[in-house]
Student: 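Got a structure for you, questions after.
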Amino acid sequence: MAKGKYQEWQTPEKLALIEGWARDGLTDEQIAHNIGIKRPTLYDWKKKYSDISDALKRGKEVVDQMVAGSLVKRALGMTITNTTYKMVPIRDDVLEAKRARWRNEHQIDHPEFTRKELVQASIENVPTYEKIPIMVNENELAPDTSAQIFWLKNRKPELFRDQAFNRLNEAQAEKVAEEVRKSKAEADITEAKAKLLTDTDSQDRTVIVDDVPEDD
């Protein structure tokens, strides 16, 4: 890290530049490249210097809010307005009035300009055509299910989990329940067989005394 380089990037102008890069969606690596340092150095700066860290956070928060807002609009559906314009020439009297006003405004800020220079500058800076809207079309954009799923899965994960994951859990739960039912049935059968064997053995051991002959 160049000695004292971080101090240069803690001025209001440089901090505004860092914030603007973050707001434009640049990654930390790209921002570090723009500053002229390595990404690990920028990481150290963020830990050590709150001004730099805050500038990055402010810029990224703006983008995050914009993306979130766009996602909500896409999920709920939105109206897109398209305007068709036509370029028409400005009337000569209106054009001259616009140029005169431009000369008067700029003469105050640039007293060193000659009359000829002001006239030439007004010709170069005042457009001769204006954009006139001639048609406005509004198109309804239907709600996007992918945006809805993404939003709900992240905002309400306890209610809107991945359906494939849910189906897997349900299949596993059903398999366990089936194994429990099977084990219980097998235990019942085994118990019934054991009871049957016990009852049969008791009958075989019974002595019938009526058939024993009497002594003379």
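In what follows, every heavy atom counts, from backbone to side chain, and hydrogens, waters and symmetry copies are set aside.
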Student: More than 12 heavy atoms of other residues, nucleotides or ligands under 6.0 Å from NE2 of His110: yes or no?
Tutor: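 Above 12, so yes.
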Student: Can you confirm whether more than 12 heavy atoms, excluding those of Arg181, are under 6.0 Å from its CZ atom?
Tutor: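 More than 12 within 6.0 Å, yes.
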Student: Taking all atoms of both residues into account, what is the closest heavy-atom pair of Val63 and Asp24, and its distance?
Tutor: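 Closest heavy-atom pair between Val63 and Asp24: CG2-N, 4.4 Å.
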Student: Provide the closest heavy-atom pair for Pro143 versus Leu76 in the form atom of the first, atom of the second, distance.
Tutor: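 Nearest heavy atoms, Pro143 then Leu76: CG-O, 3.4 Å.
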Student: Using the test side chain to side chain contact (heavy atoms under 4.5 Å, CB included), find all partners of Arg103 that sit at least two apart in sequence or belong to another chain.
Tutor: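 Result, side chain to side chain contact (heavy atoms under 4.5 Å, CB included) vs Arg103: Glu96, Arg99, Ala100, Arg115, Leu118, Val119, Ser122.
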Student: Can you confirm whether more than 12 heavy atoms, excluding those of Asn137, are under 6.0 Å from its CG atom?
Tutor: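 Check passes, neighbour count above 12.
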Student: Please report the interatomic distance CG(Leu141) to CE(Met78), rounded to the nearest 0.5 Å.
Tutor: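 Leu141 atom CG to Met78 atom CE measures 6.5 Å (nearest 0.5 Å).
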Student: If we only count heavy atoms from C-beta on, is the Gln10 to Lys14 side-chain gap below 4.5 Å?
Tutor: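 Heavy-atom side-chain distance check fails, nothing below 4.5 Å.
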Student: Could you check whether atom NZ of Lys46 has more than 12 heavy atoms from other residues, nucleotides or ligands sitting under 6.0 Å from it?
Tutor: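 Result for NZ/Lys46: enclosed.
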Student: Looking at every heavy atom in both Leu71 and Ala147, which two are closest together, and how far apart are they?
Tutor: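 Nearest heavy atoms, Leu71 then Ala147: CD1-CB, 3.6 Å.
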Student: Identify the heavy atoms of Pro89 and Tyr129 that sit nearest to each other, and give their distance.
Tutor: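 Closest approach of Pro89 to Tyr129: N-CD2, 3.4 Å.
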Student: If you round to the nearest 0.5 Å, how far is CD of Gln107 from CD of Glu112?
Tutor: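 Taking CD in Glu112 and CD in Gln107, the distance rounds to 10.5 Å.
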Student: Does atom CD1 of Ile108 have more than 12 heavy-atom neighbours from other groups under 6.0 Å away?
Tutor: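 At most 12 heavy atoms, drawn from other residues, nucleotides or ligands, come within 6.0 Å of this atom.
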Student: Any idea which heavy atoms bring Trp21 and Ile35 closest together, and the distance?
Tutor: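 Of all heavy-atom pairs spanning Trp21 and Ile35, the closest is CZ3-CG1, 3.9 Å.
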Student: Between CG of Asp44 and CD1 of Ile37, what distance do you get to the nearest 0.5 Å?
Tutor: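 Between Asp44 CG and Ile37 CD1, I get 9.0 Å after rounding to 0.5 Å.
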Student: Could you give me the CA-CA distance, side-chain angles and deciding distance for Leu15 and Ile52, then say whether side-chain contact (heavy atoms from CB on, under 4.5 Å) is met?
Tutor: CA-CA 7 Å; Leu15 291 172; Ile52 294 176; 4.0 Å; yes
Student: Please list all pairs meeting salt bridge (charged side-chain N to carboxylate O under 4.0 Å, His left out) that have one or both residues in residues 129-143, counting only residues at least two apart or in different chains.
Tutor: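 As it turns out, there is no salt bridge (charged side-chain N to carboxylate O under 4.0 Å, His left out) pair with a partner in residues 129-143 once direct neighbours are skipped.
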Student: Is the number of heavy atoms from other residues, nucleotides or ligands under 6.0 Å of Met87 CE greater than 12?
Tutor: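 More than 12 within 6.0 Å, yes.
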Student: Could you check if a side-chain atom of Ser70 sits within less than 4.5 angstrom of a side-chain atom of Arg74, using non-hydrogen atoms only?
Tutor: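 Answer no - side chains too far apart.
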Student: Quick one: do Asp28 and Lys60 make a salt bridge, cutoff under 4.0 Å?
Tutor: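 Salt bridge between Asp28 and Lys60, a charged N being under 4.0 Å from a carboxylate O: yes.
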Student: If you apply the rule side-chain contact (heavy atoms from CB on, under 4.5 Å), what do you find for Asp54 with Arg58, and how did you get there?
Tutor: CA-CA 6 Å; Asp54 291 344; Arg58 285 194 302 271; 3.6 Å; yes
Student: So, taking the atom named CG in Asn125 and the one named NZ in Lys98, what distance separates them when rounded to the nearest 0.5 Å?
Tutor: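 Output value for this atom pair is 13.5 Å.
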Student: Just wondering, do Trp9 and Tyr49 contact through their side chains at under 4.5 Å, heavy atoms?
Tutor: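 No, their side chains stay 4.5 Å or more apart.
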Student: Roughly how far, to the nearest 0.5 Å, is OG of Ser50 from CH2 of Trp45?
Tutor: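 Answer rounded to 0.5 Å: 14.0 Å.
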Student: Walk me through it: do Glu61 and Gln65 pass the test side chain to side chain donor-acceptor pair (under 3.5 Å)?
Tutor: CA-CA 6 Å; Glu61 285 173 357; Gln65 291 298 325; over 6 Å; no
Student: Please lay out, stage by stage, how Glu29 and His33 fare under the test side-chain contact (heavy atoms from CB on, under 4.5 Å).
Tutor: CA-CA 6 Å; Glu29 185 171 1; His33 174 76; 6.0 Å; no
Student: Is any side-chain heavy atom of Ile90 closer than 4.5 Å to a side-chain heavy atom of Thr128?
Tutor: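 The answer is no, as the side chains (C-beta and beyond) never meet within the 4.5 Å cut-off.
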Student: Determine yes or no for a side-chain-to-main-chain donor-acceptor pair under 3.5 angstrom, with Asp144 supplying the side chain and Ser146 the backbone.
Tutor: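 It does hold such a pair.
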Student: What pair of heavy atoms forms the shortest contact from Leu56 to Ile31, and how long is it?
Tutor: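 Of all heavy-atom pairs spanning Leu56 and Ile31, the closest is CD2-CD1, 3.6 Å.
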Student: Can you tell me how far the OH atom of Tyr6 sits from the CG atom of Asp51, to the nearest 0.5 Å?
Tutor: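 So the gap between those two atoms works out to 12.0 Å.
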